[in-house]
K.L.:
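I am attaching a structure below and will ask some questions about it afterwards.
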Amino acid sequence: MAKHKLNAREVATAPPGKYEDGEGLRLVVADSGTRKWVLRITVNGKRREMGLGSYPDIGLADAREKASEYRKQAKEGIDPIAARIVEATRIPTFTTCAARYIRTHRKGWRNKKHARQWVSTLKIYARPFIGNTPIDCITTEDVLAVLNPVWKTKPETARRIRGRLERIFGYATALKYRHDENPARWTHHLDQLLPKMERQVRVRHHPAMPYAEVASFMHLLTEAKGVASLALQFLILTASRTGEVLNARWSEVDLDAKIWTIPASRMKAGVEHRVPLSDGAVAVLREITRVPGTPYIFPGSKPNRPLSSMALLAGMRRIGYGVNGALGDYVPHGFRSTFKDWAREVSAFSWEVTEKALAHTIKDKTERAYARGDLLEKRRAMMQAWDKFCLLAMKNPQES
């Protein structure tokens, strides 16, 4: 009978423990949920154990490929651990250096999507030109070869690629792989060789629903039912970002104090944010049935995962909104702009209170140094007024 081999789903969802894939390859899942690959091999009669990297940096297929390579070395009498140390001292290729940079920094990035974008943009646009080139041999001409094909056709993508290249070359310099100036730097370098990006980029804002229409929309949401409907109501009533709402956990909410505390790790500005919950927001939370085994307030269909942003968009489409929707092309994130328009044009609350409610960072350093409080009680009054605006109109949406 053939031994069981791991599959991709098991690798991603297995609870804490040790799981064998065969021929010495093992997945180790810690109590914290972190996952790493370990290979047990015999080299010259001695048992050795070596780490192959963490999941998802190293996927199942990659782990098997690495394990096969190291097993082959061991059979030939080569100690793969020692060989890897020697390899690490050599000048790496761009692809290798980029992978090391991403592994080093990805834990500090706010979300997994950001890490995936780093990998995909470099794989698609940079690797074909400089992927196999030693990092110390890459020149400005090589960087231009990467950027020129997309500079005019995909300016925003090109801007991100250039910034990522600059960081990777800076990382290589810090490790003494490079000694020349950074070939991807902009000021006094690429800015002389490429047209200014500002002339090409058009800022595209999220379509925002006029505040006068929010009441009718909230009325439709309450009739729609379901987790996505409740998540959208909560998003509107708290004026929060989509990701903040979708990843909200029960442990962050104090229903008695009517406060939702979002940790710094999930905030765009990297600062903890307290959200005063209005009566309507609390009512939404009390309507939700808690799902055993998941920390998320708005759980998705996959085990131990939150609701997806696509679920919110789909929920809006079902009642006539979204891209090409009959009632409007508005999207969930646009409700923050809706709230801001209401605050500026209807409410009597100050700009400072509004900005605090939206968790915006004050750009002026001096002003920011003095603005240390979070104006919680003023914001509580503001969110209750916003709640009243939405819910009063819900009772008779035609009057709003």
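Numbers here are sequence positions counted from 1.
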K.L.:
Kindly assign one of parallel, tilted or perpendicular to the pair W386 and W342, based on the angle between their ring planes and the thresholds 30° and 60°.
P.N.:
tilted
K.L.:
If only atom types and distance count, is the side chain of N148 paired as donor or acceptor with the main-chain N or O of L144 below 3.5 Å?
P.N.:
yes
K.L.:
Only one of K152, K154, R160 passes salt bridge (charged side-chain N to carboxylate O under 4.0 Å, His left out) with E156; say which it is.
P.N.:
R160
K.L.:
Is it the case that Y177 and R100 place a side-chain donor and acceptor less than 3.5 Å from each other?
P.N.:
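Yes, a side-chain donor-acceptor pair sits under 3.5 Å.
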K.L.:
Tell me the closest heavy-atom pair linking G293 and N304, and the distance in Å.
P.N.:
O-OD1, 3.6 Å
K.L.:
So which heavy atom on A8 is nearest to which on L60, and how close?
P.N.:
N-CD2, 3.9 Å
K.L.:
Is the closest side-chain heavy-atom distance between Y330 and P210 below 4.5 Å?
P.N.:
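Yes. Closest side-chain heavy atoms under 4.5 Å.
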K.L.:
For the residue pair L190 and A184, what are the closest heavy atoms and their distance?
P.N.:
CD1-O, 3.5 Å
K.L.:
Is it true that R40 and E23 make a salt bridge, defined as a side-chain N closer than 4.0 Å to a carboxylate O?
P.N.:
no
K.L.:
Please check if the side chain of T222 supplies one atom and the backbone of H219 the other of a donor-acceptor pair under 3.5 Å.
P.N.:
yes
K.L.:
Indicate the ring-plane relationship of Y171 and H105, choosing parallel, tilted or perpendicular according to the 30° and 60° boundaries.
P.N.:
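Ring orientation, 0 to 90° scale: perpendicular.
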K.L.:
Please determine whether the number of non-hydrogen atoms from other residues, nucleotides or ligands lying under 6.0 Å from atom CD of E65 exceeds 12.
P.N.:
no
K.L.:
Under a plain distance cut-off of 3.5 Å, with no hydrogens placed, do H179 and T173 share a side-chain donor-acceptor pair?
P.N.:
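Not at all, the side chains of T173 and H179 share no donor-acceptor pair under 3.5 Å.
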K.L.:
Output yes when a side-chain donor or acceptor of R167 lies under 3.5 Å from a complementary backbone atom of G163, and no otherwise.
P.N.:
yes
K.L.:
Just checking, any donor-acceptor pair under 3.5 angstrom between side chains of Y19 and E10?
P.N.:
no
K.L.:
Look up atom OG1 in T242 and atom CG in N247, then write down how far apart they are to the nearest 0.5 Å.
P.N.:
10.5 Å
K.L.:
In this structure, would M383 and L358 fall into the same cluster of hydrophobic residues linked by side-chain contacts under 4.5 Å?
P.N.:
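Yes; L358 is reachable from M383 via cluster members.
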K.L.:
Less than 4.5 Å apart, side chain to side chain, heavy atoms only: is that true for D254 and T261?
P.N.:
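Of all side-chain heavy-atom pairs linking T261 with D254, none is under 4.5 Å.
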K.L.:
Does atom CZ of R9 have more than 12 heavy-atom neighbours, drawn from other residues, nucleotides or ligands, at distances under 6.0 Å?
P.N.:
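No.
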K.L.:
Would you say the side chain of L165 lies within less than 4.5 Å of the side chain of L122, judging by non-hydrogen atoms?
P.N.:
yes
K.L.:
Taking everything shown except N7 itself, do over 12 heavy atoms lie less than 6.0 Å from its CG?
P.N.:
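Yes, because the 6.0 Å sphere around CG of N7 holds more than 12 heavy atoms from other groups.
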K.L.:
For residues H273 and K356, determine if any side-chain heavy atom of one lies less than 4.5 Å from a side-chain heavy atom of the other.
P.N.:
no
K.L.:
Okay, side chain of T121, backbone of I161: is any donor-acceptor separation there less than 3.5 Å?
P.N.:
no
K.L.:
Counting only N and O atoms by type, is there a donor-acceptor contact under 3.5 Å from the side chain of W37 to the main-chain atoms of L25?
P.N.:
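Absent.
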K.L.:
Under 4.5 Å between side-chain heavy atoms, counting indirect links through other Ile/Leu/Val/Met/Phe/Trp/Tyr residues: same cluster for L327 and L232 or not?
P.N.:
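Yes: a chain of side-chain contacts under 4.5 Å links L327 to L232.
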K.L.:
For atom CD of E181, decide whether the heavy atoms of other residues, nucleotides or ligands shown that lie under 6.0 angstrom number more than 12.
P.N.:
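No.
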K.L.:
Looking at D387 and A385, would you say the former's side chain and the latter's main chain have a donor-acceptor pair under 3.5 Å?
P.N.:
no
K.L.:
Any donor and acceptor pair, going by atom type alone, linking the side chain of T338 with main-chain N or O of Y211 inside 3.5 Å?
P.N.:
no
K.L.:
Could you tell me whether the side chains of E352 and S350 share a donor-acceptor contact shorter than 3.5 Å?
P.N.:
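Per modelled atom types, E352 and S350 side chains form no pair under 3.5 Å.
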K.L.:
Salt-bridge test for K66 and E69: reply yes if a basic N is under 4.0 Å from a carboxylate O, no otherwise.
P.N.:
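Not counted as a salt bridge, because no side-chain N and carboxylate O are separated by less than 4.0 Å.
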K.L.:
If you apply the rule side chain to side chain contact (heavy atoms under 4.5 Å, CB included), what do you find for L39 with E49, and how did you get there?
P.N.:
CA-CA 6 Å; L39 177 65; E49 190 172 278; over 6 Å; no
K.L.:
Mind checking whether V38 and Y55 sit in one hydrophobic cluster, side chains of I, L, V, M, F, W, Y counted as touching below 4.5 Å?
P.N.:
no
K.L.:
Looking just at side-chain N and O atoms, do R48 and T42 make a donor-acceptor pair shorter than 3.5 Å?
P.N.:
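Result is no, nothing qualifies.
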K.L.:
Is I78 linked to I41 within one hydrophobic cluster, defined over Ile, Leu, Val, Met, Phe, Trp and Tyr using a side-chain heavy-atom separation of less than 4.5 Å?
P.N.:
no
K.L.:
State whether a side-chain donor-acceptor pair under 3.5 Å links S32 with T34.
P.N.:
yes
K.L.:
For the pair K5 and D21, evaluate salt bridge (Lys or Arg N to Asp or Glu O under 4.0 Å) and give the outcome as yes or no after the intermediate values.
P.N.:
CA-CA 5 Å; K5 304 280 283 187; D21 188 60; 3.8 Å; yes
K.L.:
Any heavy-atom pair between the side chains of L27 and V29 that's under 4.5 Å?
P.N.:
yes
K.L.:
Going only through I, L, V, M, F, W and Y residues with side-chain contacts under 4.5 Å, is there a path from V282 to V227?
P.N.:
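Yes, same cluster.
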K.L.:
Does W250 have R290 sitting over its ring (NZ/CZ under 6.0 Å from centre, angle to axis within 45°)?
P.N.:
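Judged by the rule, R290 and W250 form a cation-pi pair.
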K.L.:
Hey, is the main chain of L235 close enough, under 3.5 Å, to the side chain of R241 for a donor-acceptor pair?
P.N.:
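Judged by distance alone, no pair lies under 3.5 Å.
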K.L.:
So if I apply the side-chain contact (heavy atoms from CB on, under 4.5 Å) rule between F94 and each of V146, N132, D142, I130, which one comes out positive?
P.N.:
I130
K.L.:
Could you report the tightest heavy-atom contact between V331 and M316, atom names first, then the distance?
P.N.:
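Closest approach of V331 to M316: C-SD, 4.0 Å.
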K.L.:
Is D279 close to K258 at the side-chain level, that is, under 4.5 Å between some pair of heavy atoms?
P.N.:
yes
K.L.:
Does some side-chain heavy atom of L230 sit less than 4.5 Å from a side-chain heavy atom of L285?
P.N.:
no
K.L.:
Take Y70 and I81 through the test side chain to side chain contact (heavy atoms under 4.5 Å, CB included) and record every step on the way to the result.
P.N.:
CA-CA 9 Å; Y70 292 140; I81 298 177; over 6 Å; no
K.L.:
If you apply the rule side chain to side chain contact (heavy atoms under 4.5 Å, CB included), what do you find for I135 with I91, and how did you get there?
P.N.:
CA-CA 7 Å; I135 195 73; I91 299 297; 4.0 Å; yes
K.L.:
Kindly say whether the aromatic ring centers of F234 and W260 come within a distance under 6.0 Å.
P.N.:
yes
K.L.:
Out of curiosity, T13 OG1 to R305 CZ, how far, rounded to the nearest 0.5 Å?
P.N.:
11.5 Å
K.L.:
I'd like to check Q233 versus S229 (side-chain heavy atoms, cut-off strictly below 4.5 Å). Are they in contact?
P.N.:
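Sidechains of S229 and Q233: in contact.
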K.L.:
Verify, without hydrogens or angle tests, whether R249 (side chain) and I297 (backbone) share a donor-acceptor contact under 3.5 angstrom.
P.N.:
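It does not hold such a pair.
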K.L.:
What distance separates T238 OG1 from I262 CD1, expressed to the nearest 0.5 Å?
P.N.:
7.0 Å
K.L.:
Whether the side chain of R35 engages the backbone of V11 through a donor-acceptor N/O pair (distance < 3.5 Å, no angle test) should be reported.
P.N.:
yes
K.L.:
Between E166 and R185 (salt bridge meaning N to carboxylate O under 4.0 Å), is one present in this structure?
P.N.:
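Here E166 does not pair with R185 in a salt bridge, since their nearest N and O are not under 4.0 Å apart.
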K.L.:
So is R178 actually on top of F169's ring, under 6.0 Å and inside 45° of the axis?
P.N.:
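Relative to the ring axis of F169, which defines the angle, R178 lies inside both limits.
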